[in-house]
Q: 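Below you will find the structure I want to go over with you.
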Amino acid sequence: CTASNGCRQSTIIANDTATTSLTIYCAESMSCAQSVIYADAIQSLHIMCVAQQSCYDLTVYADTAHNITLSCDFAEITSSYHSSCEQVTLHANHSYSTFVHCTNYNCDSSTFYLTNATIASFVSEGSYALYLTHIYAQDLTQTLTIDCDGYNACSSIQIVANHMAGDLAISCTGERSCSYSGIHADTSTMSGNVRVWAAGFQSTSQFQLRANEVIGSVDVYCMSNYSCDGIDIHCTAEQNCNVVCGPFESACAGADLYLEAPFYEYIDAFNLTCLDESKENACSLESSCWDGLDGTWGGSSTFVYENSTQSWRCIGSGYADGYGCCPFPNGVIHCSPDEPCVVMCLDYTECQGFLINATDASSLEMQCAGWDSCEGAIIFGPQQDNASFSLQCLGAGSCFYARVYILGATNMHDVSLLCADDTGCKEMKLVLNASTISLLNIHCIGCTYLELSSSAQIDALNLHCTDDSACGQMFLALANTVRSASLLCNGTRSCERAHFEIQMGNSNHSLQCLGYKACGDTNFDLHFAEQNVSLNIVCFAEYPEYSACDGAHFHIGEVAVHASRSSASSVSLDCNIDGADGWHKYNCARMEFTAYNIGSVNVFCDGYHQTCFESVFTVDSASKFNLHCDGTESCAAATVLCPFYDAAVCQIDCNGGQSCDSMNIVVDDLYVEDYLNMSCKARVENGSVVDAYQTCHGVWFECTSFSTVAYVWNNATLQYGCENQGTGSC
């Protein structure tokens, strides 16, 4: 096709098995554009596109052809708008050998299908030669090679290699030659090997190597200045994953490794090689480990090669210096089987980034006394029956970002954590998945952002947060029954914005929030797993440190199938200990308090000023609810959803001082007559009634299908009543 538009929009059929060779020469502008070629059974297919847009939008079906060659070389091209093979589609599935050669811009936005092919090779010479190309190589059986030599030569190409049996190698030798490209072998098994050779300046910038499902080896060579800057490498513990940093400035700088399994499995499976550590930053990279034990990404670790020790060392990360030091811990301590294990980390960074393995020990006692002494450590506790575990974090930052795992133990005798410095256990994580734990003791001075999860049945839990912000934004999730729980938040903001999820069993449980915003904006999901649970909650802070539970969220109740209103469980919320005198403003203000399927609920909003101001009490599924409002505006502007299914199941006492001013009581349409008894008592001083008018002034009854009505003072009867009495709307 040697004339302009000469074979444009043609159909060429060469499926006859008698045809052994077909050569198509597209020599002028648009000469083969938008044509379709059928050459499935041919032995040899050669297509040459050497002019402006000569093979634009060409489609080739050569799925069972033996040898295929596509050459795209328009030498005078200056931009992708004139490329010779722009948007070419080649179907070469089941073919034996496919060779594609592209020069500057000439294969822009093309697509190649190579499923079940045997061999395929791409040569990209010049700027943007394979730009935006897609290569689908699923089930390719032998080799796929891609050579990228030129500025952005293979930029933004995507290679799908899932289920490949053969090997894949891509060589990126030009500046930014493979930038923004990707290899995808992450959704089904690839049994071959993957090699990435990066030998140009920023040649793999923003390159995505997703090799999660590669069974063979994954090898990345960084062989030029900044050649691997920005590459993301995804590996797993089931493969050999190797990164080689060449003798060039910042050869591996900016490379990010994502290792998708518990990091300790990588010690033998992952290899970092530094060819010349004397070059500035030649051997420096970052890694992040997928924590398969709790399904989260850990913080990234920065590794450098130390010439003095001829080894890699973790020097820091965004969360903590040496978090876990994935993939290589800074040290490993293995405890002896069937014996008590004692680990003492007394000096500065002594056990930082260490792996402590006590899974076979009869007990573990560990002390981290030095500054940052156990920062970022990974600790595996004993798994033997009746074992015990004790961790003391005594120094500044001593257990910052440490990880503790107790897995597979049948019955733990006791688990103890002491955090004695205000940064000692910050951002720490504990996973306690033994069958049972007799005693879980946690004493925190510095446990902000600590996360603790457990599937164990716990006989007794003691969580004491005894300093300012000690347990701020802590997350505690106990998925199995806790027989007895004692939670103490004692100090300014000691448990502010924390989140507690606890399954409570038959016993007495206590929660105390003592101090300014001790439980401010804290979430409590306290589920009653059994029917005879007793929970006592105290929210108290004295002037000037008030607002103990201001903005807290309580969701309390039974979750078992047998849950019903006949439950013997009970909840008490006391917002003023023993009626203490003084200014106790906002101790339970703006609270959301929900109690469901509980026998009795008692709330004491007794205090000098706005104790339960603007709080919402949703207790309509409880057996009985008593709300005591004693003090100036103690329950003002509160919203109450009472139980309503029987007589005398809701009692609201408003004792003087505008205690229930502007309260909103939501009334269900199905309410039973006399379900609510509301007492509005005037305050009496020296034998005289004081502010009787204001005690329940402006109380609103919000009837779901009727008009909302106000409860007002009647000067004639000296009583409160419906303002529209006798109108039929009360």
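Because the structure is a prediction, the values reported are computed rather than measured. Residue numbers count from 1 along this sequence.
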Q: Answer yes or no for Cys26 and Cys32: SG-SG distance under 2.5 Å.
A: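 Between Cys32 and Cys26 there is a disulfide, given that their SG atoms are under 2.5 Å apart.
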Q: Ignoring hydrogens and angles, tell me if any N or O in the side chain of Ser4 forms a donor-acceptor pair with the backbone of Ser29 under 3.5 Å.
A: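 It does hold such a pair.
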Q: Check step by step if side-chain contact (heavy atoms from CB on, under 4.5 Å) holds for Leu90 and Thr98.
A: CA-CA 10 Å; Leu90 172 62; Thr98 299; 4.0 Å; yes
Q: Donor-acceptor check, side chain of Ser35 to backbone of Cys7, threshold 3.5 angstrom: yes or no?
A: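 Flag set: sc Ser35 to bb Cys7 pair under 3.5 Å.
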Q: So, for Leu275 and Gly246, which heavy atoms are closest and what is the spacing to 0.1 Å?
A: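 Where Leu275 meets Gly246 most closely, the heavy atoms are CD1-CA, 3.9 Å.
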Q: What are the two closest heavy atoms between Ser203 and Ser177, and how far apart are they?
A: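 Nearest pair, atom of Ser203 first, then Ser177: CB-OG, 3.6 Å.
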Q: Output, in order, the C-alpha distance, side-chain angles, deciding distance and verdict of side-chain hydrogen bond (donor to acceptor under 3.5 Å, both in side chains) for Asp73 and Thr103.
A: CA-CA 5 Å; Asp73 183 14; Thr103 58; 3.0 Å; yes
Q: Is there a side-chain contact between Leu209 and Val218 in this structure, where contact means two heavy atoms from C-beta onward sitting under 4.5 Å apart?
A: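 Side chain of Leu209 against side chain of Val218, heavy atoms only: contact under 4.5 Å found.
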Q: Only counting residues at least two apart or in another chain, list the ones meeting side chain to side chain donor-acceptor pair (under 3.5 Å) with Ser84.
A: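 With sequence neighbours excluded, Ser84 shows a side chain to side chain donor-acceptor pair (under 3.5 Å) to Asn106, given in chain and number order.
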Q: How long is the gap from CZ on Phe201 to OG on Ser224, to the nearest 0.5 Å?
A: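 Output value for this atom pair is 8.5 Å.
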Q: Could you walk me through whether Asn433 and Val431 pass side-chain contact (heavy atoms from CB on, under 4.5 Å), step by step?
A: CA-CA 6 Å; Asn433 287 344; Val431 179; 3.5 Å; yes
Q: How many angstroms lie between CG in Asp147 and OG in Ser171, if you round to the nearest 0.5 Å?
A: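 Output value for this atom pair is 5.5 Å.
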Q: My understanding is that only residues two or more places apart in sequence, or in another chain, count here; which of them pass side chain to side chain donor-acceptor pair (under 3.5 Å) with His91?
A: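 Partners of His91 by the side chain to side chain donor-acceptor pair (under 3.5 Å) criterion come out as none, since no residue qualifies.
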Q: Are the gamma sulfurs of Cys107 and Cys85 separated by less than 2.5 Å?
A: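 No, the SG atoms are not under 2.5 Å apart.
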Q: Find out whether Phe354 and Gln352 are in side-chain contact, i.e. whether some heavy atom of one side chain is under 4.5 Å from a heavy atom of the other.
A: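 No - every pair of side-chain heavy atoms lies 4.5 Å or more apart.
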Q: Which residues pass the ring pair (Phe, Tyr, Trp, His ring centres under 6.0 Å) test with Phe112, not counting sequence neighbours?
A: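 Expected list: Phe122.
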Q: Are any side-chain N or O atoms of Ser454 and backbone N or O atoms of Ala456, one a donor and one an acceptor, separated by less than 3.5 Å?
A: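 Yes: the side chain of Ser454 pairs with the backbone of Ala456.
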Q: Can you name the nearest heavy-atom pair linking Cys172 to Thr204, along with the distance?
A: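 That closest heavy-atom pairing would be SG-CG2, 4.3 Å.
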Q: Taking the side chain from Asn225 and the backbone from Glu249, do they hold a donor-acceptor pair closer than 3.5 Å?
A: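 Yes, because the side chain of Asn225 sits within donor-acceptor range (under 3.5 Å) of the backbone of Glu249.
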Q: Is any side-chain heavy atom of Met190 closer than 4.5 Å to a side-chain heavy atom of Ile215?
A: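 Met190 vs Ile215: side chains apart.
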Q: Gln473 and Arg497: side-chain hydrogen bond (donor to acceptor under 3.5 Å, both in side chains), yes or no, with the steps?
A: CA-CA 5 Å; Gln473 301 193 55; Arg497 298 183 183 275; over 6 Å; no
Q: List the steps and the verdict of side-chain contact (heavy atoms from CB on, under 4.5 Å) for Ile119 and Leu144.
A: CA-CA 6 Å; Ile119 299 170; Leu144 171 61; over 6 Å; no
Q: Under 4.5 Å between any side-chain heavy atoms of Leu452 and Lys429, yes or no?
A: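 SC-SC contact between Leu452 and Lys429 ruled out.
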Q: Measure the spacing between NE2 of His94 and CG of Leu140 and express it to the nearest 0.5 Å.
A: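 It is 11.5 Å, given to the nearest 0.5 Å.
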Q: Evaluate the side-chain proximity of Ile135 to Ile146: yes if any heavy-atom separation is below 4.5 Å, no if none is.
A: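 Answer yes - side chains close enough.
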Q: For Asn104 and Ser127, run side-chain hydrogen bond (donor to acceptor under 3.5 Å, both in side chains): C-alpha distance rounded to whole Å, both residues' side-chain angles, the deciding distance at 0.1 Å, then the answer.
A: CA-CA 5 Å; Asn104 290 354; Ser127 299; 4.7 Å; no
Q: Checking Ser110 side chain against Val88 main chain: does a donor-acceptor pair fall under 3.5 Å?
A: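 At least one qualifying donor-acceptor pair exists.
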Q: With no hydrogens and no angle check, is any side-chain donor or acceptor of Thr133 less than 3.5 Å from a backbone partner on Leu130?
A: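 Yes, because the side chain of Thr133 sits within donor-acceptor range (under 3.5 Å) of the backbone of Leu130.
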Q: Is Leu45 close to Val60 at the side-chain level, that is, under 4.5 Å between some pair of heavy atoms?
A: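 Side chain of Val60 against side chain of Leu45, heavy atoms only: contact under 4.5 Å found.
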Q: From Met428 CE over to Thr448 OG1, what is the distance, rounded to the nearest 0.5 angstrom?
A: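 Taking CE in Met428 and OG1 in Thr448, the distance rounds to 12.5 Å.
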Q: For His66, which residues count as a ring pair (Phe, Tyr, Trp, His ring centres under 6.0 Å) partner, sequence neighbours excluded?
A: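 For His66, the residues satisfying ring pair (Phe, Tyr, Trp, His ring centres under 6.0 Å) (neighbours in sequence not counted) are Tyr96.
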Q: Pairing donors with acceptors under 3.5 angstrom, does anything connect the side chains of His101 and Glu125?
A: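 Distance-only check passes for His101 and Glu125.
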Q: If we ignore hydrogens and angles and just use 3.5 Å, is the side chain of Thr173 paired with the main-chain N or O of Cys148 as donor and acceptor?
A: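 The answer is yes, because a donor-acceptor pair under 3.5 Å joins these two groups.
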Q: Under 3.5 Å, side chain of Asp232 to main-chain N/O of Gln206, donor-acceptor pair present?
A: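 A pair under 3.5 Å: no.
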Q: Does the pair Cys222/Cys228 show an SG-SG distance of less than 2.5 angstrom?
A: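 In this structure, Cys222 and Cys228 share a disulfide.
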Q: Within the distance-only criterion (no hydrogens, no angle test), does the side chain of Gln383 pair as donor or acceptor with the backbone N or O of Thr359 below 3.5 angstrom?
A: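 No, Gln383 side chain to Thr359 backbone: no donor-acceptor pair under 3.5 Å.
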Q: Hey, could you give me the CG/SG distance between Leu257 and Cys241, rounded to the nearest 0.5 Å?
A: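 If we round to the nearest 0.5 Å, Leu257:CG and Cys241:SG are 7.0 Å apart.
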Q: To the nearest 0.5 Å, what is the distance between CD (Gln34) and SG (Cys55)?
A: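 Rounded to the nearest 0.5 Å, the CD-SG separation comes to 12.0 Å.
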Q: Could you go through Arg195 and Tyr221, starting from their C-alpha distance and side-chain angles, then the distance that decides it, and tell me whether this counts as side-chain contact (heavy atoms from CB on, under 4.5 Å)?
A: CA-CA 8 Å; Arg195 190 187 81 156; Tyr221 294 84; 3.8 Å; yes
Q: Go through the structure and list residues passing ring pair (Phe, Tyr, Trp, His ring centres under 6.0 Å) with His499, not counting sequence neighbours.
A: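 Partners of His499 by the ring pair (Phe, Tyr, Trp, His ring centres under 6.0 Å) criterion, ordered by chain and then number, come out as Phe475.
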Q: If we only count heavy atoms from C-beta on, is the Tyr180 to Ile157 side-chain gap below 4.5 Å?
A: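 Contact flag for Tyr180/Ile157 side chains = no.
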Q: Mark yes or no: Arg403 above the aromatic ring of Tyr401, with NZ or CZ under 6.0 Å from the six-membered ring centre and no more than 45 degrees from the axis.
A: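 Yes, a cation-pi geometry.
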Q: Looking at every non-hydrogen atom in both residues, tell me the closest pair between Ser217 and Asn242 and how far apart they are.
A: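 Minimum heavy-atom contact is CB-ND2, 4.4 Å.
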Q: Show the nearest heavy-atom pair for residues Cys178 and Phe207, with the distance to one decimal.
A: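 Closest approach of Cys178 to Phe207, heavy atoms only: O-CD1, 3.3 Å.
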Q: When you check the side-chain N and O atoms of Asn67 and Ser44, is any donor under 3.5 Å from an acceptor?
A: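 No, Ser44 and Asn67 have no side-chain donor paired with an acceptor closer than 3.5 Å.
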Q: I'd like to check the side chain to side chain donor-acceptor pair (under 3.5 Å) partners of Asn5; sequence neighbours left out, ordered by chain and number.
A: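 Per chain and number, Asn5 pairs via side chain to side chain donor-acceptor pair (under 3.5 Å) with Arg8.
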Q: Would you call Ile47 and Leu58 a side-chain contact if the rule is heavy atoms closer than 4.5 Å?
A: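 A side-chain contact under 4.5 Å exists here.
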Q: When you look at Cys245 and Cys252, which way does the disulfide bond (SG atoms under 2.5 Å apart) test go after all the steps?
A: CA-CA 6 Å; Cys245 301; Cys252 286; 2.0 Å; yes
Q: Is a side-chain donor-acceptor pair under 3.5 Å present for Ser31 with Ser54?
A: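 Their side chains do not contain a donor-acceptor pair, so the 3.5 Å distance test is not met.
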Q: Could you check whether atom CZ of Phe99 has more than 12 heavy atoms from other residues, nucleotides or ligands sitting under 6.0 Å from it?
A: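 Yes, CZ of Phe99 has more than 12 neighbouring heavy atoms, counting only those of other groups under 6.0 Å.
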Q: Please give me the minimum heavy-atom distance between Ser227 and Ala199, naming the atom from each residue.
A: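 Closest approach of Ser227 to Ala199: CB-N, 4.4 Å.
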Q: Ser155 side chain to Asn152 main-chain N or O, any donor-acceptor pair under 3.5 Å?
A: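 Checked: no pair found.
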